[in-house]
Number of protein chains: 2
Amino acid sequence: MSANKPITVPNKAANTCKVCHARELCLSSCLNEDELNRFDDIIGDRASLNRGECLFMAGNKIKSLFILHSGSVKTYVESADGDMQITGFHFSGDIIGIHGIENSMHGDTVEALETSSVCELRFTSLDEITTVFPKLQDQLMQYIFREMCHEQTMMLVLGKMSADRRLAHFILDISARLSEHGLSATNINLTMTRHDIANYLGLAVETVSRLLTRFQKMGIITVQRRLLTIFDIDALQDIYDQNESHIPKASIGKLNAANHMRL
Amino acid sequence: MSANKPITVPNKAANTCKVCHARELCLSSCLNEDELNRFDDIIGDRASLNRGECLFMAGNKIKSLFILHSGSVKTYVESADGDMQITGFHFSGDIIGIHGIENSMHGDTVEALETSSVCELRFTSLDEITTVFPKLQDQLMQYIFREMCHEQTMMLVLGKMSADRRLAHFILDISARLSEHGLSATNINLTMTRHDIANYLGLAVETVSRLLTRFQKMGIITVQRRLLTIFDIDALQDIYDQNESHIPKASIGKLNAANHMRL
DNA sequence: CGTTATCTTGACCACATTCAACTTGAGTGG
DNA sequence: CCACTCAAGTTGAATGTGGTCAAGATAACG
């Protein structure tokens with residue numbers, strides 16, 4: 001198959017940050033043109049992952065930071081007895097590999113949900129990148145804080161919320177993040193399986209399935225296999241906020257609307 | 001006793017980092033004597049907190065980093081409808097206030113579990129401290145990674161584990177961390193209430209209480225009020241790892257105790 | 001076209017919550 | 001010092017949410 005020009009050979013010229021479609025979402029978005037050129041130099045060739053393939057696994061030594069260029073991945077941790085917990089889903093522009101631990105090893109595993117590509121950012125010690133590109137430090141820290149905030153929210157979701165609230169949270173979260181990425185907030189292609197969703201939310205697959213059909217019967221969404229369409233996002237928000245109905249919501253002032261957690 | 005020297009007036013000389021009892025646990029542990037002197041200068045007076053008082057609350061602007069000098073605190077996040085989830089407990093030496101979010105506001109609230117004191121590390125932007133003390137950056141990052149790792153583990157605990165595994169995890173975690181702080185690993189003073197423990201583990205208070213008495217009847221621990229004594233730490237580890245315990249569980253009623261293990 | 005993975009739906013039931021009563025200890029004031 | 005109050009914790013019984021088991025439907029794939 002495809003003899004003289006294998007697609008696996010990266011075309012560096014076509015892969016520069018300058019012409020990257022995900023540039024505004026990327027860590028490098030804060031750099032000017034000159035800096036971008038230098039940044040481009042330290043970016044390795046883009047690696048490609050097929051569905052099910054792992055970028056790295058828990059226990060691997062941390063040698064690089066990755067930026068997801070296209071596609072989507074899930075990250076998960078495992079317990080001693082093999083239990084696994086999905087800790088997050090990531091889309092293009094997201095930084096992957098910051099969950100390092102003391103001994104410079106990854107604590108989580110990153111697995112592609114579909115064919116995906118990542119830009120590799122090699123470094124020997126963490127401050128190397130920030131000394132070369134001081135501007136990136138703030139950017140990186142913001143991303144780290146965002147992740148911590150997300151994890152804290154998940155602790156709240158997993159620790160306190162009922163199954164329907166969890167699923168509402170998941171749909172709202174995915175919707176908001178995909179729309180940040182310039183994709184439709186209401187027409188969503190779920191790249192993860194029901195199993196993944198259930199695992200992420202601490203539920204059984206059957207429960208997720210049942211709730212999806214329940215939401216569907218309520219006229220809030222439709223789901224056909226992996227295609228999710230949101231009709232009534234306010235209703236989802238009300239389920240998540242545990243409001244009785246979505247009509248009289250505005251009357252009761254939501255004081256810290258500004259303080260809402262990342263969705 | 002000691003009337004002429006009110007304890008509320010901070011005695012700066014007596015409070016220098018040099019003579020701090022928690023120095024090896026502190027962020028400053030990596031600094032040499034000269035650096036420590038300079039570090040000492042930017043540390044404000046030690047603030048004191050009584051039980052129930054908050055160091056800062058979610059929504060407050062981040063102006064400082066804190067290092068817990070003595071005592072213990074809990075941190076928690078809240079949802080729109082008032083649900084709260086305790087995200088962690090912290091002891092002396094721990095860094096408090098790194099869970100910042102995009103807009104430079106705290107996402108969580110820190111509340112003292114007992115009379116505690118903190119050292120304040122003011123900064124206007126995050127990189128100020130790391131440029132003045134480059135050595136601290138690695139130290140700080142290690143702490144951040146540790147926190148992220150802890151949060152991921154909690155997602156696993158909350159999402160996948162049964163009540164007894166959760167409690168076993170809590171006891172093991174507290175034990176290990178207190179022993180890192182030079183305290184006894186087996187003789188533990190619980191500064192948090194049962195409510196706090198239950199909330200942290202995503203359980204009802206009654207469940208925690210029942211499990212504590214069950215562990216006690218199994219001969220693994222004793223609990224008297226806030227005093228927890230661990231007799232068989234291996235048994236706790238086995239419960240956490242979901243191994244068949246080497247101690248015959250069946251001896252104490254609860255036949256189904258062996259059956260509710262997930263396969 | 002058959003095989004397999006993914007998803008849905010139903011029936012049952014267990015774990016943990018909820019509700020409620022009671023015990024214990026700490027703090028307060030007479 | 002005791003009586004009182006209130007918060008914290010324990011224990012029992014009933015209820016229910018969500019898990020497990022099992023079977024069937026649908027889509028994906030070689």
Side-chain angles (χ1 to χ4, degrees), chain A residues 1 50-52 74 83 85 111 113-115 157-170 189-217 221-228 239 242, chain B residues 50-52 74 83 85-86 113-115 157-170 189-217 221-228 239 242 249 252-263:
Chain A
M1 26 151 71
N50 291 320
R51 174 183 162 81
K74 63 180 174 186
D83 255 359
Q85 168 72 42
E111 183 182 323
L113 294 169
E114 59 187 322
T115 303
V157 169
L158 293 172
K160 297 278 165 300
M161 296 191 180
S162 57
D164 53 349
R165 292 185 76 180
R166 297 189 199 192
L167 188 62
H169 170 262
F170 169 76
N189 178 33
L190 298 171
T191 53
M192 68 291 292
T193 67
R194 302 283 194 276
H195 263 99
D196 289 336
I197 299 172
N199 181 293
Y200 178 61
L201 297 176
L203 300 170
V205 210
E206 295 93 330
T207 306
V208 170
S209 189
R210 270 183 262 267
L211 285 173
L212 283 175
T213 54
R214 199 169 98 199
F215 286 177
Q216 199 161 357
K217 283 178 183 167
I221 59 169
T222 58
V223 253
Q224 285 171 351
R225 202 80 185 151
R226 297 290 177 89
L227 192 70
L228 172 71
I239 291 171
Q242 202 68 325
Chain B
N50 291 320
R51 174 184 164 80
K74 63 179 173 187
D83 254 0
Q85 169 71 43
I86 294 179
L113 294 169
E114 60 186 322
T115 303
V157 169
L158 293 172
K160 296 280 166 300
M161 296 192 180
S162 56
D164 52 350
R165 291 185 76 179
R166 296 188 199 192
L167 189 61
H169 171 262
F170 169 76
N189 179 32
L190 298 171
T191 55
M192 68 292 290
T193 67
R194 302 283 194 276
H195 263 98
D196 289 335
I197 298 173
N199 182 293
Y200 177 61
L201 296 176
L203 300 171
V205 211
E206 295 93 329
T207 306
V208 170
S209 190
R210 270 184 260 268
L211 286 173
L212 283 174
T213 53
R214 198 169 100 199
F215 285 179
Q216 199 161 354
K217 283 179 184 166
I221 58 169
T222 58
V223 253
Q224 285 172 349
R225 226 175 116 252
R226 298 291 177 87
L227 191 72
L228 171 71
I239 291 171
Q242 204 65 326
K249 267 188 192 173
I252 302 106
K254 278 286 180 186
L255 296 174
N256 51 356
N259 294 336
H260 62 66
M261 302 186 176
R262 296 182 191 166
L263 304 175

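Letters go in sequence order (proteins before strands), and every chain restarts at 1. Just so you know, these numbers use all the heavy atoms, side chains as well, and skip hydrogens, waters and symmetry mates.
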Problem - Under 4.0 angstrom between B/R226 side-chain N/O and D/dA8 OP1 or OP2 - result: no
Practice task
Taking only the side-chain heavy atoms of A/E206 (C-beta and beyond), determine which of C/dG10, C/dC7, D/dG12 contains the nearest atom.
Solution key: C/dG10
Each nucleotide N or O in nucleotides 28-30 of chain D that has a protein N or O under 3.5 Å away: list the pair and distance.
none

Practice task
Report the C-alpha distance between A/T115 and A/R51 in whole Å, list the side-chain angles of each, state the deciding distance to 0.1 Å, and finish with yes or no for side chain to side chain contact (heavy atoms under 4.5 Å, CB included).
Solution key: CA-CA 5 Å; A/T115 303; A/R51 174 183 162 81; 5.6 Å; no
Practice task
Could you pick out which residue, A/R166 or B/T207, lies toward the 5' side of DNA chain D when each is mapped onto its nearest nucleotide?
Solution key: B/T207
Exercise for the section: Measure from CE on A/M161 to P on D/dT17 and round the result to the nearest Å. Expected result: 18 Å
Handout entry: N/O (side chain, B/R194) to phosphate O (OP1/OP2, D/dA7) under 4.0 Å
Key = no
Exercise for the section: With the side chain of A/R210 defined as its heavy atoms from C-beta on, choose the nearest nucleotide among D/dT11, C/dG10, D/dG18. Expected result: C/dG10
Practice task
Name the nucleic acid region contacted by A/L203, choosing base, sugar-phosphate or nothing; use a 4.0 angstrom heavy-atom cut-off, strictly under.
Solution key: sugar-phosphate
Practice task
Looking only at side-chain atoms of B/R51, point me to the closest of D/dT11, D/dA8, C/dT6.
Solution key: D/dA8
Exercise for the section: Just call it for A/T193: base, sugar-phosphate, or nothing, with non-hydrogen atoms closer than 4.0 Å on any strand. Expected result: sugar-phosphate
Problem - Residue B/S209, side-chain heavy atoms: nucleotide from D/dG9, C/dA16, D/dG19 that is nearest - result: D/dG9
